[in-house]
Protein chains: 2
Amino acid sequence: MTSIRGARERARIELTAAIKDEARRQLAAEGAAKLSLRAVARELGMASSAIYRYYPSRDELLTALIVDAYDAIGEAAESALAPAVAPTPSAPAAPSAPSTTRDLIACWVDVCRATRAWALAHPHEYALIYGSPVPGYSAPQTTTGPAARVAGALISLVREAHRTKGLAVPVLPAALRAEAERLAADVAPDLPPAVGIALATVWAQLFGLISFEVFGQFNRVVEERDAFFAHAAAGLAREVGLTGP
Amino acid sequence: MTSIRGARERARIELTAAIKDEARRQLAAEGAAKLSLRAVARELGMASSAIYRYYPSRDELLTALIVDAYDAIGEAAESALAPAVAPTPSAPAAPSAPSTTRDLIACWVDVCRATRAWALAHPHEYALIYGSPVPGYSAPQTTTGPAARVAGALISLVREAHRTKGLAVPVLPAALRAEAERLAADVAPDLPPAVGIALATVWAQLFGLISFEVFGQFNRVVEERDAFFAHAAAGLAREVGLTGP
DNA sequence: GTCTATACCCCGATAGAC
DNA sequence: GTCTATCGGGGTATAGAC
């Protein structure tokens, strides 16, 4: 009995995955706005009505794809920071870890590079999460956690730099003091408030660089994209306060 | 006779404008991917077939909207730089114009602010040009000119700074020397090559900041957006080499 | 949980009358 | 230049049999 229940559950899980795979294929072909449950079902050889047992509406499927994409790009970013920082903030690395400042800047660039590499390899899923909002769709709260993972990776690097005294705190105009306090309390209470502002800034700038490349704005403008990006990412590290050796 | 031809021409121009207006309304409601000639015609009270006399296909209408959007955001950017720099590069301002370096940084921030203000006021048209590419649509070459206007405004400011010795030329890694030469030859042969790389970088970063705000990525993260953006834009000015007083 | 059938909507594009 | 009519597709979502 448990085996039957297990088999059924397994079948359901596999079909759910197959639906998402096919949906991703359609995302690439037609874009998120035209993602259609019918077409997914057709391609999978099911009746259009059968798919509603798995996703009760088009928006639920879209949400699943968005969460998957945020998780995937977040995981790409996190895996690039493994050498320099403990993967889970809840299990702080032994403070004996000998990470030097030079390591941290290189690691910052690696995290940026890994994020960019995922985006270039999955342009349509990237567009789903960092491109134009899908008209008529509003992402539920469940997406905010996964959405924060790339930023979390960047923050953990800055935190590590702060711990090892490798962080130059940026200056801040008076008009942003209150905002900085609020932001720091939300995302990194252990860091100087000015760092939160700098992080939000370079966070948006990083995705500006990636989006311009993925969306084609650099076509016939920037050609040596790898070197260009690495240079820009190092600039962002400096801007956020990571200091070189 | 000329008056009849004139009247006909005027009617055609007015209807063309009405079609674009309605299409922009639909852009806001449904997104570019679902822009439909039929729906535009319906809303205008015409038969769906009549609209083909004005735009022979959906893509032609889309192209018209894209060109209009690039022109509008470009004009917004250019009008903010009027005080510091001659509007048309072909008519160089009298070199007596007493623009100081301080003026140029303030003007840079104003250009960024004007660009952002247009984007926030026209989010759907902004998404059309700086968001995800429209699936199945490929922009023709005619869009590249208007697309370069915002960047052109930024370049003209940097050129003015260079002319008045207010530009610090950024350092450049060896891996980017060739790319810098090529890029500079294309967009600003009169400026040091390293400046072209810096310009491309801050250009993408500027739109990263704007896109995050327009597309909602700053929701519940950055609240004091005006001050935050002004601070970031000033940072970009520094990054590109504009030096303060 | 899957199927067929159905109601009711949408689209791009063209033909041919007026 | 505008109309009606039409071709040939597409979609969401539900009802009810198996």
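Computed from a predicted model, the values in this text were never measured in an experiment. Labels below follow one simple rule: chain letters A, B, ... track the order of the sequence lines, proteins then strands, and each chain is numbered from 1.
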query = Side chain of A:S49, base of C:dT4: donor and acceptor closer than 3.5 Å?
reply = yes
inquiry  = OP1 or OP2 of D:dT14 versus the side-chain N and O atoms of A:Y52: is any pair under 4.0 Å?
reply    = no
message = Can you tell me which nucleotide in C:dA13, C:dC3, D:dC3 comes closest to the side chain of B:L37?
response = C:dA13
query = What's the closest nucleotide to the A:A50 side chain, out of C:dG12, C:dT2, D:dC3?
reply = C:dT2
task = In plain terms, say whether A:E22 and A:R25 are close enough for a salt bridge, that is, a side-chain N and a carboxylate O under 4.0 Å apart.
result = yes
request  = On DNA chain C, check which nucleotide each of A:S48 and A:Y54 is closest to and give me the residue with the more 5' one.
outcome  = A:Y54
inquiry  = Students often get this wrong, so: under 4.0 angstrom with heavy atoms, is B:L35 touching a base, only sugar-phosphate, or nothing?
reply    = sugar-phosphate
Residue-phosphate contact under 4.0 Å: A:Y55 side-chain N/O, D:dA13 OP1/OP2 = no
task = Evaluate the ring-ring contact (aromatic ring centres under 6.0 Å, His included) criterion for residues B:F228 and B:F218: first the C-alpha distance (whole Å), next the side-chain angles of each, then the deciding distance (0.1 Å), finally the verdict.
result = CA-CA 11 Å; B:F228 175 83; B:F218 280 154; 5.4 Å; yes
inquiry  = C:dG1, OP1 or OP2 - any side-chain N/O from A:R12 closer than 4.0 Å?
reply    = yes
message = Applying a 4.0 Å non-hydrogen cut-off, can you work out what B:A47 is touching in the nucleic acid: base, sugar-phosphate, or nothing?
response = base
task = State whether A:R220 and B:D186 are salt-bridged, where the test is any N-O pair (Lys NZ or Arg NE/NH1/NH2 against Asp/Glu carboxylate O) under 4.0 Å.
result = no
Pairwise 5' ranking along DNA chain D for A:S57 and B:M46, keeping only the more 5' one = B:M46
task = Using atom NZ of A:K34 as one end and atom P of D:dG10 as the other, report the distance to the nearest whole Å.
result = 13 Å
Phosphate contact (C:dC11 OP1 or OP2) by B:R42 side-chain N/O below 4.0 Å = yes
request  = Just call it for B:L61: base, sugar-phosphate, or nothing, with non-hydrogen atoms closer than 4.0 Å on any strand.
outcome  = nothing
ask   = Quick one: which of C:dA13, D:dA13, D:dT4 gets closest to the side chain of A:R38?
value = D:dA13
inquiry  = With a 6.0 Å cut-off on the ring centroids, do A:W118 and A:Y126 count as close?
reply    = no
request  = Return the minimal non-hydrogen interatomic distance between A:V221 and B:R182, and the atom names on each side.
outcome  = O-NH2, 2.9 Å
inquiry  = Within the 4.0 Å heavy-atom criterion, would you say B:I51 contacts the bases, only the backbone, or no part of the nucleic acid?
reply    = nothing
message = I want to check one thing: is the phosphate of C:dG12, taken as OP1 and OP2, less than 4.0 Å away from some side-chain N or O of B:S36?
response = yes
